[in-house]
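Quick notes on the structure that follows.
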Amino acid sequence: MTDAAELRRRTAELLAANPPATTDRLDFLKARFDAGLAWVHYPEGLGGLAAPRSLQAVVDTELEAAGAPDNDPRRIGIGLGMAAPTILGYGTDEQKRRFLRPLWVGEEVWCQLFSEPGAGSDLAALGTRAVREGDDWIVNGQKVWTSSAHVARWAILIARTDPDRPKHRGITYFVCDMTDPGVDVRPLRQITGEAEFNEVFLTDVRIPDAHRLGEVGDGWRVAQTTLMNERVSIGGMRIPREGGMIGPVSKTWRERPELRTADLHQRLLTLWVDAEVARLTGERLRQQMVAGQPGPEGSGMKLAFARLNQEISGLEVELRGEEGLLYDDWTMRRPELVDFTGRDAGYRYLRSKGNSIEGGTSEVLLNIVAERVLGLPSEPRTDKDVAWKDLAR
Ligand SMILES: Cc1cc2nc3c(=O)[nH]c(=O)nc-3n(C[C@H](O)[C@H](O)[C@H](O)COP(=O)(O)OP(=O)(O)OC[C@H]3O[C@@H](n4cnc5c(N)ncnc54)[C@H](O)[C@@H]3O)c2cc1C
């Protein structure tokens with residue numbers, strides 16, 4: 001098994017052969033991937049060395065100290081956090097070889113075509129249809145709230161392939177080419193003024209069967225891998241102390257003593273401790289994930305993340321008083337990355353509202369924790385054995 005010393009040796013070798021100061025950024029990232037130092041827990045030949053996931057920090061620390069470029073994880077979050085583990089879990093060897101390297105180095109951005117106007121929390125009710133035609137599938141339907149669709153090269157897509165089966169069982173999982181002429185991406189403006197997400201219309205989009213992930217009709221199971229990982233990637237990101245939403249408000253507190261009050265001080269201290277506990281719990285969760293896929297505890301992390309971001313950004317607005325909600329720019333931006341903590345206090349306050357919706361609403365995650373962690377009785381599900389086509393919609 002590859003240990004820390006071996007990883008340090010390989011990292012030094014990578015740096016010697018590709019000095020960051022004189023090597024093109026993309027060339028460096030490709031060399032890092034090929035050396036198995038991209039995500040060390042991935043298999044050899046696919047950017048990893050089948051090493052324990054916890055050892056990634058060894059590589060990251062050495063590379064950071066040497067001034068090596070990173071792959072800008074915030075820009076390619078959906079690819080790294082959701083598409084990649086799904087491809088690794090269900091993709092064929094050919095799919096893994098084709099998709100993982102350009103995904104990790106950031107040459108190809110991914111988006112997620114899951115939610116529909118009538119299927120969000122109840123995702124399995126989705127109506128986008130995929131019909132087999134020879135070696136291809138023809139896809140028609142509408143998706144919504146698709147983050148980064150305007151910059152994406154590929155999408156992970158779930159579609160209904162068998163309307164005669166109950167809703168969870170007639171779904172299939174695909175990789176969709178976002179450059180297909182049948183893909184129409186239209187901006188949706190958010191409360192922040194930006195259009196970070198989109199509605200996506202799919203008209204006779206052709207997907208080769210070779211771009212199917214998992215078995216026909218097994219898409220719901222494949223999608224669970226994506227969703228479990230999504231919650232961890234939103235709520236359990238690796239961040240340094242004060243690296244999240246608590247950072248800017250702590251900075252304002254230190255730099256602007258004239259804004260302080262005793263009440264706000266007490267609340268800030270409580271939230272600072274909560275944020276640090278959440279951060280360290282995320283570290284522990286990532287270490288547990290060494291053993292396999294994340295379980296329902298990822299939902300707990302994401303719940304805490306949403307609550308904290310909303311409370312902390314609310315406190316920051318209060319602390320700043322009149323200037324708190326001033327907003328720098330209302331023109332509709334089309335950002336290339338999702339940045340929860342960027343820009344000013346007003347932006348952070350507004351953007352954090354979406355944290356309790358994206359990646360599963362807090363109510364739905366509470367249901368998951370209640371059922372799968374606490375063992376409470378599940379919600380009544382009357383549609384489990386009814387064909388999707390017979391459901392009231
Ligand atoms: C910023 C942002 C980015 C997003 N990015 C993407 C993306 O890239 N790709 C994608 O596919 N989707 C994306 N989404 C969509 C997101 O996953 C859905 O909005 C979410 O799952 C909720 O679905 P819905 O909007 O249809 O609301 P609904 O499901 O209609 O929910 C409405 C309300 O009812 C509550 N509710 C529903 N069911 C239950 C229940 N069983 N018990 C208790 N309460 C319930 C919900 O909590 C909510 O308050 C994004 C959303 C946001 C806000």
Side-chain angles (χ1 to χ4, degrees), residues 74-83 86 109-128 141-152 154-159 167 171 173-174 176 178 183 185-202 219-220 223-224 226-231 233-235 299 302-303 305-307 309-310 333-340 342 347-372 376-384 393:
R74 289 181 317 159
R75 192 179 144 259
I76 52 173
I78 293 176
L80 290 174
M82 294 145 69
T86 314
V109 175
W110 286 67
C111 68
Q112 177 198 25
L113 291 170
F114 278 25
S115 303
E116 297 184 3
S121 301
D122 186 11
L123 184 58
L126 62 89
T128 292
Q142 185 197 342
K143 298 288 177 175
V144 74
W145 319 127
T146 318
S147 308
S148 306
H150 52 291
V151 286
W154 298 104
I156 41 178
L157 163 77
I158 46 178
K167 62 179 183 179
I171 294 172
Y173 199 120
F174 300 97
C176 174
M178 292 296 286
V183 176
V185 176
R186 302 183 195 168
L188 278 175
R189 201 167 187 209
Q190 302 156 227
I191 192 174
T192 55
E194 299 184 328
E196 176 194 290
F197 52 31
N198 306 269
E199 42 185 3
V200 178
F201 295 84
L202 306 165
W220 186 249
Q224 291 314 303
T226 311
L227 296 176
M228 291 292 199
N229 278 284
E230 174 173 19
R231 283 154 201 165
S233 77
I234 296 178
S299 301
K302 208 240 145 189
L303 265 171
F305 163 85
R307 178 185 69 81
N309 274 2
Q310 290 173 357
R333 300 184 189 187
R334 293 288 268 157
E336 280 210 5
L337 54 85
V338 177
D339 188 3
F340 300 138
Y347 170 84
R348 287 190 279 279
Y349 177 74
L350 295 173
R351 180 61 185 82
S352 68
K353 299 296 170 206
N355 291 159
S356 52
I357 306 172
E358 58 202 307
T361 68
S362 290
E363 290 78 14
V364 166
L365 299 186
L366 279 172
N367 281 346
I368 293 174
V369 171
E371 288 175 29
R372 297 201 214 148
L376 296 176
S378 55
E379 281 193 276
R381 294 188 177 105
T382 51
D383 53 6
K384 250 172 63 182
R393 276 190 298 282

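Side chains are part of it too, since the values below use all heavy atoms of this structure and drop only hydrogens, waters and symmetry mates. These figures come from a predicted structure and were not determined experimentally. Note that ligands are numbered from 1 as they come in the structure, with each ligand's atoms numbered from 1 the same way.
- Within the 4.0 Å cut-off (strictly below), a protein heavy atom is located near atom 6 (C) of ligand 1.
- Geometrically, ligand 1 and Phe197 share no nitrogen or oxygen pair separated by less than 3.5 Å.
- Those atoms of ligand 1 that come under 4.0 Å of a heavy atom in Phe114, given as number and element, are 11 (O).
- Here the rule is side chain to side chain donor-acceptor pair (under 3.5 Å) with Glu196, and of Arg333, Arg351, Arg334 only Arg351 fits it.
- Side-chain atoms of Lys302 come within 3.5 Å of backbone atoms of Gly360 as a donor-acceptor pair (strictly under, hydrogens ignored).
- Side chain of His150 to backbone of Glu336: no donor-acceptor contact under 3.5 angstrom is found.
- Under the 4.0 Å distance rule, the nearest protein heavy atom to atom 32 (C) of ligand 1 falls outside the cut-off.
- Looking at heavy atoms from C-beta onward, Leu123 lies in side-chain contact with Trp220 at the 4.5 angstrom threshold.
- Contacts between Gln190 and ligand 1, counted as non-hydrogen atom pairs separated by less than 4.0 Å, are absent for every part of the residue.
- Checked by atom type and distance alone, the side chain of Glu116 pairs as donor or acceptor with a backbone atom of Gly127 at under 3.5 Å.
- For Arg351, the closest heavy-atom approach to ligand 1 falls below 4.0 Å.
- Distance from atom 4 (C) of ligand 1 to its nearest protein heavy atom, with residue and atom name: Trp145 O, 3.4 Å.
- Within a 4.0 Å radius of atom 22 (C) of ligand 1, the protein has at least one heavy atom.
- Relative orientation of the Trp145 and Phe197 rings is tilted, given thresholds of 30° and 60° on the angle between their planes.
- Of the protein's heavy atoms, at least one falls inside 4.0 Å of atom 49 (O) of ligand 1.
- For the residue pair Ser356/Gln310, the side-chain donor-acceptor check at 3.5 Å is satisfied.
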